[in-house]
Amino acid sequence: MMRAVSSNAFGLLIVCFLTFPEPLFPARSIINLDIVSPGVIGNYTASSINLSGPAFDVSISRLRERFLAHFNISHTFLYNYSILNCVDFQNEVQNMLARWYYTVDRSESVTVIMTPGCIESAQLNELAATWNVLLISTANSAPAIRDKAKSPSWVTTNLFPSSYYGEIFNQLIVFHNWTSIDILLDRGSTGSYVLMFSLTIAVLENRKMRATNRDYNSSSGEFEFPAFLQRVSTRNRILLFLGSPNELRKLLVAASWMNMTNGDYVYITGTSFIWKPYGDYSWKRRDPSDEIILQAYKSVIFVVMVDMEMSSSPISKSMQASWRTRFEEDPFYQNTGLDTDPPLPMLTSATGSLEILGEVLNETLAECPSSCNLRDGTTMARKMMNRTFSTTVGQVRFDANGERRPFLSSASYFDSTENRRKVYLRASTGQKGEFKWKQVDSLSWHGGSQLPPSEPVCGFIEKGTACLNSGDTTRNALLGVLIPIILLVAGGVAVVVIKIRSRNHFWWQLDSTSFGLQSARSQSRSTVSPVSFISNFVHGC
């Protein structure tokens, strides 16, 4: 293996050239297969080249041994040292990839875009569709993948339900019968939170769900959580927080001081997967806020997009050892001491992608060794859809859109008796392949089994109809009976007056006989007129 390093405007290109044994299909001349992997450099995100790169190295070597003896494979990591976060990379990735693509004539090569992934897959798809080249994203997806008119050559081995992030939170709202939600994003946290934020807002708007959103950047200064929570308390009981565990602790401490962690409010937080560099969700950090967080966690629902405990595919120890060896031997990956835990979801997805690519290319050559157009990315993508592949990292199943199944998401609450999170919802699939939550265990919430509604029964200004006190209720009930009596008596009086007026021009001079009433002397018992009774009752009320 030889690594060629060159400097240019968009960073260092690292190209791996592999040689192979004699061709399996001698009827076709050796073909150039160019695999390009745009990505970010750094250990702050699990899908960076530094942390997923060893899987590419190991798997490309295995391709030579298993399938592609008749291909010359070049692999390029495409990156820029000056781009340090996913958002900036998303903005620049099309320029970077286009410059790489048009640098040489690729009309005689098979080009495959296989990206570690951050949040840029939708931008890569626009170029892949235009060029009709195969795009395999390994750690990111987007809703556009389900529109095959716009995404004909895109498939993903991504374990993360990226394109469903918005629907995952929407379905949580539906499951608990909430009618509104507040959303707070920290843009200073990892890029996955930005993606969750944008997709969730888009889905909620489409579903006509009332949502109020706000964002801030923790890298620019401290956020005023008390002031924010005060405003939330006037409009909602449900808050989705998208940010790091450190920022979540600050939010919960402020909420505790404001007596907003007593079970009346629900704080939802989400993470791509449990990984030490993403932060520590443990309540116990040996700092003064530990006990506060322990109590506040009782008001938190934790959503994990990829719960590795749900995966039924064990990863072989030999494969893990191969990845670790690449980390330890190659300084480029900046993890020779394994100070950063290798992110298993990214490593397994990259490995599966390259093995599936090799299998599909090998099948295509076997079907027509001298005439098939391997450069047709759309045709290659279709060979992967609606299909299950067996790989060294387990089975990889694609649906009709080229998305990986099944979902591995979970939702949990904090069990105060055991001081740990307990899963009560797991991801499932609806009849049309849509995301659904399925309850797998009971929920315990501050001594009950139900989460609070979005709004209190009486409303936030306590003037709802359900807030009427018992005295008001009784009074209204009695008045509802007495008012018809009043109207009946008044109607009778009006009839008598009209009759008298028609007979006498001095109709206003009324006497008791006109009403057929006896004098007080001849009355045998005391009586109270209905009008007087009603008047006295209402006055007393």
Could you check whether any side-chain N or O of Trp437 sits under 3.5 Å from a backbone N or O of Ile168, counting only pairs where one atom can act as donor and the other as acceptor?
yes

Assess the residue pair Phe160 and Thr138 against the criterion (side-chain contact (heavy atoms from CB on, under 4.5 Å)); give the C-alpha distance rounded to whole Å, side-chain angles, the decisive distance to 0.1 Å, and a yes or no.
CA-CA 9 Å; Phe160 301 92; Thr138 67; over 6 Å; no

Compare all side-chain heavy atoms of Glu108 with those of Asn32 and state whether any distance is below 4.5 angstrom.
no

Counting N and O atoms only, with roles assigned by atom type, does the side chain of Ser322 sit under 3.5 Å from a partner on the main chain of Ser318, one being a donor and the other an acceptor?
yes

Side-chain (Thr157) to main-chain (Ser349) donor-acceptor, under 3.5 angstrom
yes

Counting C-beta onward and ignoring hydrogens, is there a side-chain heavy-atom pair between Gln334 and Ile41 closer than 4.5 Å?
yes

For Trp154 and Ala128, indicate whether the former's side chain and the latter's backbone hold a donor-acceptor pair under 3.5 Å.
no

Minimum heavy-atom separation for Ala139 to Pro116, with atom names?
CB-O, 2.7 Å

Any non-hydrogen side-chain atom of Val36 less than 4.5 Å from a side-chain atom of Val112?
no

Below 30° counts as parallel, above 60° as perpendicular, anything between as tilted: where do the rings of Phe407 and Phe435 land?
perpendicular

Out of Val300, Leu240, Leu251, which residue meets the side-chain contact (heavy atoms from CB on, under 4.5 Å) rule with Thr269?
Val300

Roughly how far, to the nearest 0.5 Å, is CZ of Phe71 from CG of Asn362?
8.5 Å

Let me confirm one number: the CG-NZ distance from Asp341 to Lys276, rounded to the nearest 0.5 Å.
6.5 Å

Side chain to side chain donor-acceptor pair (under 3.5 Å), that's the test. Do Asp34 and Thr111 meet it? Break it down for me.
CA-CA 5 Å; Asp34 300 331; Thr111 301; 4.6 Å; no

Charged N to carboxylate O below 4.0 Å: is that the case for Lys150 and Glu126?
no

Are the side chains of Tyr79 and Val40 in touch, meaning some heavy atoms are under 4.5 Å apart?
no

Can you tell me how far apart CE (Met196) and OG (Ser272) are? Round to the nearest 0.5 Å.
4.0 Å

Output yes when a side-chain donor or acceptor of Ser48 lies under 3.5 Å from a complementary backbone atom of Thr45, and no otherwise.
yes

Under 6.0 Å from the six-membered ring centre of Phe302 and within 45° of its axis: does the NZ or CZ of Arg421 meet both?
yes

How about Val266 and Tyr413: do any of their side-chain heavy atoms sit closer than 4.5 Å?
no

Looking at Trp445, Trp283, Phe414, which hits ring-ring contact (aromatic ring centres under 6.0 Å, His included) with Tyr297?
Phe414

What's the shortest heavy-atom distance between Val203 and Asn170, and which atoms?
CG1-CB, 3.7 Å

Step-by-step ring-ring contact (aromatic ring centres under 6.0 Å, His included) determination, Tyr267 to Phe241
CA-CA 7 Å; Tyr267 303 92; Phe241 176 74; 9.5 Å; no

Determine whether the aromatic ring centres of Tyr278 and Phe273 lie less than 6.0 Å apart.
yes

Is a salt bridge present between Glu367 and Lys383, judged by a nitrogen-to-oxygen distance below 4.0 Å?
yes

Note, Ile356 side chain near Met384 side chain (heavy atom, < 4.5 Å):
yes

Check the surroundings of atom CD in Gln450: do more than 12 heavy atoms from other residues, nucleotides or ligands lie under 6.0 Å from it?
no

Can you find a pair of side-chain heavy atoms, one from Asp399 and one from Met385, that are under 4.5 Å apart?
no

For the pair Asn140 (side chain) and Ser121 (backbone), establish whether a donor and an acceptor sit closer than 3.5 Å, ignoring hydrogens and angles.
yes

Glu363 and Arg387: salt bridge (Lys or Arg N to Asp or Glu O under 4.0 Å), yes or no, with the steps?
CA-CA 14 Å; Glu363 290 174 355; Arg387 186 174 173 186; 2.5 Å; yes

Show your reasoning for whether salt bridge (Lys or Arg N to Asp or Glu O under 4.0 Å) applies to Arg214 and Asp182.
CA-CA 8 Å; Arg214 171 75 189 276; Asp182 262 67; over 6 Å; no

Salt bridge between Arg420 and Asp415, side-chain N to carboxylate O under 4.0 Å?
no

Spacing of Arg326 atom CZ and Asp57 atom CG [to the nearest 0.5 Å]:
4.0 Å

Quick one: does any side-chain atom of Thr348 pair with a main-chain N or O of Pro345 as donor and acceptor, under 3.5 Å?
yes

Beyond-backbone contact of Leu239 with Ile181, side-chain heavy atoms, under 4.5 angstrom:
no

Is the gap between the ring centers of Trp131 and Tyr102 under 6.0 Å?
yes

For Ser244 and Asn246: C-alpha separation, side-chain torsions, deciding distance, then whether side chain to side chain donor-acceptor pair (under 3.5 Å) applies.
CA-CA 5 Å; Ser244 69; Asn246 288 342; 5.1 Å; no

Centre of Tyr164's six-membered ring, under 6.0 Å away, within 45 degrees of the axis: is that where NZ or CZ of Arg146 sits?
yes

Ser428 side chain to Lys436 main-chain N or O, any donor-acceptor pair under 3.5 Å?
yes

Look only at the side chain of Tyr193 and the backbone of Leu242, and say whether a donor-acceptor pair between them is shorter than 3.5 Å.
no

For Thr156 and Glu403, indicate whether the former's side chain and the latter's backbone hold a donor-acceptor pair under 3.5 Å.
no

Measure the OG-CG distance between Ser47 and Asn158 for me, rounded to the nearest 0.5 Å.
9.5 Å

Begin with the C-alpha distance, continue with both residues' side-chain angles, and end with the deciding distance and a verdict on side chain to side chain donor-acceptor pair (under 3.5 Å) for Glu120 and Thr115.
CA-CA 9 Å; Glu120 75 291 336; Thr115 174; 3.2 Å; yes

Nearest heavy-atom pair of His75 and Ser37: which atoms, and what distance?
NE2-OG, 2.9 Å

Stepwise, does the side chain to side chain donor-acceptor pair (under 3.5 Å) test hold for Ser409 with Arg426?
CA-CA 6 Å; Ser409 306; Arg426 289 200 185 279; over 6 Å; no

Going by atom types only, do Thr429 and Glu434 share a side-chain donor-acceptor pair under 3.5 Å?
no

Check the angle between the aromatic planes of Tyr333 and Phe77 and answer parallel, tilted or perpendicular using the 30° and 60° thresholds.
perpendicular

State the OG-CE distance between Ser192 and Met305, to the nearest 0.5 angstrom.
8.5 Å

